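Heads up, the thing below is written out as structure tokens.
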Amino acid sequence: GNSVTQMEGPVTLSEEAFLTINCTYTATGYPSLFWYVQYPGEGLQLLLKATKADDKGSNKGFEATYRKETTSFHLEKGSVQVSDSAVYFCALDDYKLSFGAGTTVTVRA
Amino acid sequence: EAQVTQNPRYLITVTGKKLTVTCSQNMNHEYMSWYRQDPGLGLRQIYYSMNVEVTDKGDVPEGYKVSRKEKRNFPLILESPSPNQTSLYFCASSSEREETQYFGPGTRLLVL
């Protein structure tokens, strides 16, 4: 079946540091891939998505590229801020939405 | 404002006492679903609904019921809650199954 594996946290960074969260997936078809973000005390919200191979999703300075050859969708941001502290979920949609376990990111001033 | 609302936001109950968590969306979405979030497991789908009167099981449906009598509402029912249902629950909706899902703020449930 389909599954998503993302790097375990927690991740703690200083402001302006580079952030990478690894995500790999297993799917039988050609899924759409997503990153959702959950800020403290809130529900999940879509951060970015990519619907086919080599697509790059981007939003709020975050980027992720759909890599079919490595079945990956790593999330990156070049310079994080304190306001980026949240839990990040990688997800795939192949007739059903499947989430990774989530990665907690804390950015310190 | 487009939103998904859930009530209650926090609930402490005892084993076996029936409870209902409500979910409502004002975006005229056809697709709605319930998830539970547990540490280290991410979100797992409990039930989903493609439209009014159309519901189906997700990955972890045991111990839960749902109904979809109106398009905007999708309540989650725990007929006889048990401690292993202690979790954070999210309702979500989207215009179609494959479109971006909008999540509610979550309901934190503790079953003693």
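Here is the naming used below: chain letters follow the sequence lines, and residue numbers restart at 1 for every chain. Everything numeric in this text was worked out from a predicted model, so none of it was measured.
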Can you say whether A:E8 sits under 4.5 Å from chain B via the side chain, the backbone, both, or neither, judging by heavy atoms?
neither

Here the gap from B:T100 atom OG1 to A:Y36 atom OH, rounded to the nearest 0.5 Å, amounts to 5.5 Å

With the 4.5 Å side-chain cut-off for hydrophobic clustering, are A:L47 and A:Y66 part of the same group?
yes

CZ/B:R44: more than 12 non-hydrogen atoms of other groups inside 6.0 Å:
yes

Checking B:D38 against chain A: side chain, backbone, both or neither under 4.5 Å from a heavy atom?
neither

Okay, B:L43 and chain A: the region with an atom under 4.5 Å from a heavy atom over there is both

Tell me, side chain or backbone of B:R9 under 4.5 Å from chain A's heavy atoms, or both, or neither?
side chain

Part of B:Q101 within contact of chain A (heavy atom distance under 4.5 Å)
both

Whether over 12 other heavy atoms sit under 6.0 Å from A:Y39 OH
yes

Would you say B:L109 ends up clustered with B:I46 if hydrophobic residues are merged whenever their side chains have heavy atoms under 4.5 Å apart, either directly or through other cluster members?
yes

Correct closest heavy-atom pair for B:G40 and A:A101 would be O-CB, 3.4 Å

Count the heavy atoms of every other residue, nucleotide or ligand shown that sit under 6.0 Å from CG of B:L41, and state whether that count exceeds 12.
yes

Most chain B-contacting option - heavy-atom pairs closer than 4.5 Å, from A:D93, A:V87, A:L44
A:L44

Does atom CD of A:E16 have more than 12 heavy-atom neighbours, drawn from other residues, nucleotides or ligands, at distances under 6.0 Å?
no

More than 12 non-hydrogen atoms from neighbouring residues, nucleotides or ligands closer than 6.0 Å to OH on B:Y10, yes or no?
no

Atom group of B:F90 that falls short of 4.5 Å from chain A, counting heavy atoms
side chain

Evaluate whether atom CZ of B:F103 has more than 12 neighbouring non-hydrogen atoms of other residues, nucleotides or ligands under 6.0 angstrom away.
yes

Should A:L97 and B:Q45 count as side-chain neighbours, where that means a heavy-atom distance under 4.5 Å?
no

Under 4.5 Å heavy-atom distance to chain A, tell me which part of B:Y35 shows up: side chain, backbone, both or neither.
side chain

Tell me, with the steps shown, if B:L88 and A:Q38 meet side chain to side chain contact (heavy atoms under 4.5 Å, CB included).
CA-CA 13 Å; B:L88 179 58; A:Q38 183 181 29; 4.2 Å; yes

